[in-house]
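Any value given below was found using the heavy atoms of this structure, including those in side chains, with hydrogens, waters and symmetry copies removed.
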Amino acid sequence: MYQKFSQLIVYRNYPKDSIIRQLCSIYYDFDKNLCSHIELIDRVHAQIKALLDLSTSLGFDGNLWHRYLTWLLLTNENSFTLTSEKREVQEGSIKQLVLHDLTIFRQLFEYDFQPLQKALHTDCFDIITHYQAIEKPSRMCDLHASKVIAHVCHQLEKAKDGQDMFDVLTSFYQQYGIGMFAMNRAFRFERDKEGELRFLPIRNMDTVVLDDLIGYQLQKDLLVENTKAFVEGRNANNVLLYGDSGTGKSTSIKAIVNAFYEQGLRMVEIYKHQFRDLSDLIARLKKRNYRFIIYMDDLSFEDFETEYKFLKAVIEGGVETRPDNILIYATSNRRHLIKETWGDRSDMSEDELHHSDTIQEKLSLAARFGLSICYEKPNQKNYYNIVLQLAKRYPEITLSEEELITEARKWELSHGGMSGRAAQQLIYDLSGKAMIEKWKHDSKY
């Protein structure tokens with residue numbers, strides 16, 4: 001195995017602690033008789049454990065070795081895969097080097113673990129190549145990535161040679177891209193111990209669609225139109241969704257990402273304390289052939305907070321032009337984002353000579369969003385309509401319209417008024433109670 005792996009050229013940049021490199025090291029020591037069998041068994045079991053952990057998080061099943069090799073090919077960022085990301089593959093000399101590597105991977109797919117397994121008196125390799133996974137809740141594994149990897153793995157297993165594998169992989173790279181951006185639609189980020197930005201996939205993102213948000217058709221149309229222009233490479237604006245809480249601002253953005261995922265749209269969520277990293281984040285994203293929404297939820301600043309200045313410089317006004325593959329979408333309960341005080345509007349101020357400059361400074365951030373969309377609380381009629389429409393999606397709720405409106409009236413009085421969020425919370429409550437009653441009824445028989 002180590003001899004084959006050492007011959008890789010393009011697909012070779014795997015960390016020393018990766019499973020593939022550790023297995024190569026084990027085989028090298030085994031062939032050279034450099035370790036006792038007890039030590040080799042311990043090292044083999046450690047890598048089997050690592051493979052099982054990876055398989056749990058990504059929902060692997062069947063031949064875990066094949067799934068793992070497929071995952072390596074789909075996530076390896078190199079000069080070829082980055083060039084092939086979301087675009088037609090160009091002919092060039094590098095293709096011969098890639099075919100060379102894929103021929104080696106074809107051999108790794110068929111690798112015979114039996115000699116090592118027999119020598120160490122273990123059957124762990126037989127188990128992982130015929131693995132029957134326990135069904136897991138969706139929150140425990142990335143079901144979308146699991147399906148993608150399984151589909152590509154089946155195609156690679158049928159491939160006769162490196163050229164067949166090349167055709168399968170380049171088709172995937174063109175449609176989805178490579179790495180974590182290919183199989184996930186939303187991300188957070190953090191700095192690692194070395195100070196480098198590291199992306200963290202948001203697994204099992206809410207699968208909400210725009211039709212799930214009842215009403216607000218004008219707002220949704222504006223958001224769709226802007227996003228459609230963005231993913232098609234036309235001019236588009238940064239967007240601020242502002243208005244009352246619980247009206248569907250965040251839901252709209254999640255639904256937009258779901259709607260345009262297939263067209264290459266991805267979302268990176270950023271928190272206020274990370275605004276100092278905005279420039280580094282954009283520098284990383286602009287190199288990729290995706291369209292990115294940098295998402296800021298519940299954006300607002302107190303008068304003593306200064307992080308907004310980093311955001312202002314990035315949106316408009318900085319020396320570097322904003323990349324055409326990045327937009328900023330933010331939600332806020334405040335129209336002007338930064339808290340204003342009566343002192344800002346006073347003709348006399350002890351701390352500020354030019355009070356109008358203070359006002360302009362605080363208003364200028366919101367003005368830098370080219371598109372502002374207002375989400376207002378529904379009136380009573382619309383609130384009742386939202387409740388009635390949501391109830392239709394839960395067959396266990398059998399209340400009449402009059403009964404639902406009565407429940408809606410009582411609910412809004414004790415839950416902060418009328419909003420889409422209050423309506424959804426009411427429906428959850430009614431659904432839960434209906435399920436309990438059904439269980440009580442069924443348990444009698």
Quick check against the 3.5 Å criterion: does [X] have a side-chain atom that pairs as donor or acceptor with the backbone of [Y]?
X: Lys249; Y: Ile373; answer: no
X: Arg87; Y: Asn289; answer: no
X: Glu437; Y: Ala434; answer: no
X: Trp411; Y: Gln425; answer: no

Cationic N near anionic O, under 4.0 Å, [X] to [Y]:
X: Arg191; Y: Asp277; answer: yes
X: Arg67; Y: Asp61; answer: no
X: Asp429; Y: Lys433; answer: yes
X: Glu77; Y: Arg288; answer: yes
X: Arg43; Y: Asp29; answer: yes

Partner residues of [X] under the ring-ring contact (aromatic ring centres under 6.0 Å, His included) criterion, sequence neighbours left out:
X: Tyr176; answer: Phe172
X: Phe230; answer: none
X: Phe125; answer: Phe113
X: Phe109; answer: His66

Non-neighbouring partners of [X] that pass salt bridge (charged side-chain N to carboxylate O under 4.0 Å, His left out), sequence neighbours left out:
X: Glu39; value: none
X: Asp167; value: none
X: Asp101; value: none
X: Arg421; value: none

Considering only residues two or more places apart or on different chains, which pairs with a residue in residues 15-55 satisfy ring pair (Phe, Tyr, Trp, His ring centres under 6.0 Å)?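 Matches after skipping sequence neighbours: Tyr2-Tyr28, Tyr27-Tyr111.
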
So do Tyr290 and Leu285 actually touch side chain to side chain, heavy atoms under 4.5 Å?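 The answer is no, as the side chains (C-beta and beyond) never meet within the 4.5 Å cut-off.
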
Taking side chain as C-beta onward, heavy atoms only, is Ile256 less than 4.5 Å from Leu265?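 Of all side-chain heavy-atom pairs linking Leu265 with Ile256, at least one is under 4.5 Å.
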
Parallel under 30°, tilted from 30 to 60°, perpendicular over 60°: which one fits the rings of Phe292 and Phe181?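 Correct class here is perpendicular.
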
Check for me whether the distance between the ring centres of Tyr375 and Tyr216 falls short of 6.0 Å.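 Yes - the distance between ring centres of Tyr375 and Tyr216 falls below the 6.0 Å cut-off.
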
Thr70: which residues meet the side chain to side chain donor-acceptor pair (under 3.5 Å) condition with it, sequence neighbours left out?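 None.
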
Applying side chain to side chain donor-acceptor pair (under 3.5 Å), name anything that partners Tyr394, two or more places apart in sequence or on another chain.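 With sequence neighbours excluded, Tyr394 shows a side chain to side chain donor-acceptor pair (under 3.5 Å) to Gln424, given in chain and number order.
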
Testing Ile294, Ile270, Leu240, Leu299 for side chain to side chain contact (heavy atoms under 4.5 Å, CB included) with Ile328, which one passes?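 When side chain to side chain contact (heavy atoms under 4.5 Å, CB included) is applied between Ile328 and each of Ile294, Ile270, Leu240, Leu299, only Ile294 qualifies.
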
Hey, does the Lys NZ or Arg CZ of Arg21 hover above the aromatic six-ring of Tyr14, less than 6.0 Å from the centre and inside 45° of the axis?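 No.
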
Answer yes or no on whether Lys95 is positioned over the face of Phe166, meaning its NZ or CZ is under 6.0 Å from the six-membered ring centre and within 45° of the axis.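 The answer is yes; both the distance and angle limits are met.
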
Only counting residues at least two apart or in another chain, list the ones meeting side chain to side chain contact (heavy atoms under 4.5 Å, CB included) with Pro395.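 Here no residue qualifies.
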
Under a plain distance cut-off of 3.5 Å, with no hydrogens placed, do Asn78 and Asn13 share a side-chain donor-acceptor pair?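 No, Asn78 and Asn13 have no side-chain donor paired with an acceptor closer than 3.5 Å.
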
